[in-house]
Amino acid sequence: MLRTNANPVLERDRSLEVLPRRLRLGGLGTGLTVGLFLAACGTSDGDGSGSSSGGQNGPGGVTPITPSQSCQEVRLTAYDAGIGGMCEYNDALPVLPAFVRDNITLAIAEPFAGGSAGGDFAESCGECWEISTISSTQTVMVTNLCPANDDNPVCQGPALHFDVSREAGAALGHEGITIGEARPVPCPVEGNVHAVVRDRNDFFIRLVFANHRIPIRSVDYRIDGTDAWRPMNRNGGAWAIGDAGDAIGPSAPGISFRLTSPDGEVAEGTAVLPANLGPGQNFDIGAQFAPRDPEGGMCTYVPDGTVFADAFGGSDPVLWEMNTYGGAQYEESAQACAAGDRCLQVTNYPQWSGAVFRINDALPVEAYDTLTLSLRASEGRGTVEVVVGEEGGEACDAREVEVDETWQTVSLDLGATCDGVPEFGRIALINRTQTFGLTIDEVAFR
């Protein structure tokens, strides 16, 4: 476990988790195991001293990037989330939506901790994102932080990155590392915002706000019976008032709260904080932001169908890759390609050997009609059997192609040959004849 004092108020556990990158291997060729470490995410423990730095640089000097309000690509990993985190409230708090209580939560990469509106550090707390993968669409709430440091390179940016809970990963149909699309959406909360007390004495109080529909940009408090609003200070994932005996002391009249969103909407609470409300307790502030519709339409994630065109397709780090078996070898080449600057050269390609394209996250069948690829013989000639289908499972009808020294574009009608195949995660090119050299280029699902 690593500790950091980058933020003097908010220290986060920064443990590292190593997870297998699952490659659905089997069927054709030999097995391959690839390990990829994924970021684990910290929790937060506020000590009640001072206020967080916030600002545009955030903890650790990472410059926040403002995500788009519309659908955008997001990279996902998964970790074993607890019931708390940077946002400092128990995810099982009864007032929270059912999906949050079921731990459908995420830890946001540190460069994006200011949330979708690019506010101060921790403005993302309690914000909801609608995430779409090739398998599912799910609303997930930000409750934690994925720190940006050398041990968590995937959380350093510039790519938008969410480390989702295992439960959220299961709901989204992914494990390991994957790519999807996401957009910020109003949280489907019921009732009012609640304040949860973290620390309190006669002169100081530190609390968090939970169950808000949209992010909170600023918080003010008012002493009951007065008209003046005074600002609260961000303090880690919480908000604090110091030297406030006149507001929260044992003989003070108590305080109410006013919340302001990034776009200027104000939710003015009517309830007064009870004088005897202690750490761990919460109360209804008597206000909520107005209902609103999310911007744009629901995200639909359809991966780019490029398998290879000058480079392996996909979205980093979920990329197509090539493996060979039966003695065959391959390398990238710049010689006599069909298009562009690079193509793939398969050598030592004896009968029954193969060159196999694979990807960690298989493509959805319904998104594509055809598979096209360009083939030529760099040495000799032969017959290649093209097999596309599920990794280690169902395959489309095979297509045999006679290959000589001239480029030819092969097109497979996926609708006619792939009935019953649930996903596309493998393309195998099997040599059915004598040894020859094979060059491959411009491989794409369309």
Start with the C-alpha distance between W320 and F308, add both sets of side-chain angles, then the distance that settles ring pair (Phe, Tyr, Trp, His ring centres under 6.0 Å), and finish with yes or no.
CA-CA 8 Å; W320 285 91; F308 185 90; over 10 Å; no

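- The heavy-atom pair separating V403 from A377 by the smallest distance is CG1-N, 3.3 Å.
- For residues 368-413, the ring-ring contact (aromatic ring centres under 6.0 Å, His included) pairs, not counting sequence neighbours, are Y368-F445.
- The distance from atom CG of N90 to atom SG of C87, rounded to the nearest 0.5 Å, is 12.5 Å.
- Between V189 and P97 the shortest heavy-atom distance is CG1-CG, 3.9 Å.
- Put simply, the side chain of L106 does not reach to within 4.5 Å of the side chain of D163, judged on heavy atoms.
- A donor-acceptor pair shorter than 3.5 Å cannot be found between the side chains of Q288 and N192.
- Between the side chains of E130 and T137, no donor-acceptor pair of N or O atoms lies under 3.5 Å.
- At least one donor-acceptor pair under 3.5 Å links the side chain of Q69 to the backbone N or O of S116.
- Rounded to the nearest 0.5 angstrom, E442 CD and T306 OG1 are separated by 8.5 Å.
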Atom pairs and distances, side-chain donor-acceptor, residues 429-438, under 3.5 Å, sequence neighbours left out:
| residue | atom | partner | partner atom | Å |
| --- | --- | --- | --- | --- |
| N431 | OD1 | T433 | N | 2.9 |
| N431 | OD1 | T433 | OG1 | 3.3 |
| N431 | ND2 | Y349 | O | 2.6 |
| N431 | ND2 | P350 | O | 3.3 |
| N431 | ND2 | Q434 | O | 3.0 |
| R432 | NH1 | E385 | OE1 | 3.1 |
| T433 | OG1 | T383 | N | 3.0 |
| Q434 | NE2 | R381 | O | 2.6 |

Dump the intermediate steps for side chain to side chain contact (heavy atoms under 4.5 Å, CB included) on C125 and F209, then the final yes or no.
CA-CA 9 Å; C125 278; F209 295 95; over 6 Å; no

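- The minimum heavy-atom distance linking M141 with C187 is given by the pair CE-SG, 3.8 Å.
- Residues that satisfy the side chain to side chain donor-acceptor pair (under 3.5 Å) test with S315, not counting sequence neighbours, are E73.
- Side-chain atoms of L414 and D369, non-hydrogen and from C-beta on, never get closer than 4.5 Å to each other.
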Criterion side-chain hydrogen bond (donor to acceptor under 3.5 Å, both in side chains) on T372 and R446, from CA distance to verdict:
CA-CA 8 Å; T372 60; R446 305 181 188 279; 3.0 Å; yes

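- Residues that satisfy the salt bridge (Lys or Arg N to Asp or Glu O under 4.0 Å) test with R292, not counting sequence neighbours, are D263, E265.
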What do the steps show when you test V95 against N211 for side chain to side chain contact (heavy atoms under 4.5 Å, CB included), and what is the final call?
CA-CA 7 Å; V95 69; N211 202 53; 3.6 Å; yes

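- For CD of Q408, the number of neighbouring non-hydrogen atoms (other residues, nucleotides, ligands) closer than 6.0 Å is greater than 12.
- Across every non-hydrogen atom of A182 and C299, the tightest pair is C-SG, 3.9 Å.
- Rounding to the nearest 0.5 Å places OG of S135 at 8.5 Å from CG of L172.
- Residue N348 qualifies as enclosed at atom CG: its count of foreign heavy atoms under 6.0 Å is above 12.
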Could you go through the side chain to side chain contact (heavy atoms under 4.5 Å, CB included) check for I134 and L363 one step at a time?
CA-CA 7 Å; I134 60 175; L363 306 184; over 6 Å; no

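- Looking at Y301 and P364, their side chains never come closer than 4.5 Å, going by heavy atoms from C-beta outward.
- Under a cut-off of 6.0 angstrom, the local environment of CD in E190 is sparse, with at most 12 non-hydrogen atoms contributed by other residues, nucleotides or ligands.
- At distances below 3.5 Å, not a single donor-acceptor pair connects side-chain atoms of R75 with backbone N or O atoms of H161.
- Proximity of a side-chain donor or acceptor of R358 to a complementary backbone N or O of N323 within less than 3.5 Å is not detected.
- For the pair D102 (side chain) and I104 (backbone), a donor-acceptor distance under 3.5 Å is absent.
- Taking CD1 from I427 and CE from M322, the interatomic distance works out to 8.5 Å, rounded to the nearest 0.5 Å.
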Yes or no on side-chain hydrogen bond (donor to acceptor under 3.5 Å, both in side chains) for E295 and S70, after CA distance, side-chain angles and deciding distance?
CA-CA 7 Å; E295 296 185 17; S70 59; over 6 Å; no

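- With hydrogens and angles disregarded, a donor-acceptor distance shorter than 3.5 Å links the side chain of E88 to the backbone of G237.
- When every heavy atom of A287 is checked against every heavy atom of A267, the shortest pair comes out as CB-C, 3.9 Å.
- Between R426 and E390 there is no salt bridge, since no side-chain nitrogen of the basic residue lies less than 4.0 Å from a carboxylate oxygen of the acidic one.
- Among residues at least two apart or in separate chains, there is no ring-ring contact (aromatic ring centres under 6.0 Å, His included) pair with a member in residues 172-193.
- Between the CD atom of E110 and the CG atom of L145 there is a distance of 5.0 Å, given to the nearest 0.5 Å.
- For N149 (side chain) and N152 (main-chain N/O), a donor-acceptor pair under 3.5 Å exists by modelled atom type.
- For A210, the side-chain contact (heavy atoms from CB on, under 4.5 Å) test picks out Y89, L93, L96, with sequence neighbours left out.
- Side chains of N282 and H194: a donor on one and an acceptor on the other come within 3.5 Å.
- With hydrogens and angles disregarded, a donor-acceptor distance shorter than 3.5 Å links the side chain of N360 to the backbone of I177.
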Where do I216 and L259 land on the side chain to side chain contact (heavy atoms under 4.5 Å, CB included) test, with the steps shown first?
CA-CA 6 Å; I216 298 171; L259 315 180; 4.0 Å; yes

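- Between the OG atom in S411 and the CG atom in L371 there is a gap of 7.5 Å [rounded to 0.5 Å].
- With respect to F162, the ring pair (Phe, Tyr, Trp, His ring centres under 6.0 Å) criterion is satisfied by exactly one of W129, F112, Y79: W129.
- Between the side chain of S136 and the backbone N or O of G173, no donor-acceptor pair lies under 3.5 Å.
- Side-chain atoms of D441 come within 3.5 Å of backbone N or O of A339 as a donor-acceptor pair.
- Judged purely by atom type and a 3.5 angstrom limit, Q329 has no side-chain atom pairing as donor or acceptor with the backbone of V346.
- T439 and Q345 form a side-chain donor-acceptor contact under 3.5 Å, judged by distance and modelled atom types alone.
- A salt bridge links R166 to D80: at least one charged side-chain nitrogen sits closer than 4.0 Å to a carboxylate oxygen.
- Across every non-hydrogen atom of F424 and V365, the tightest pair is CE1-CA, 3.8 Å.
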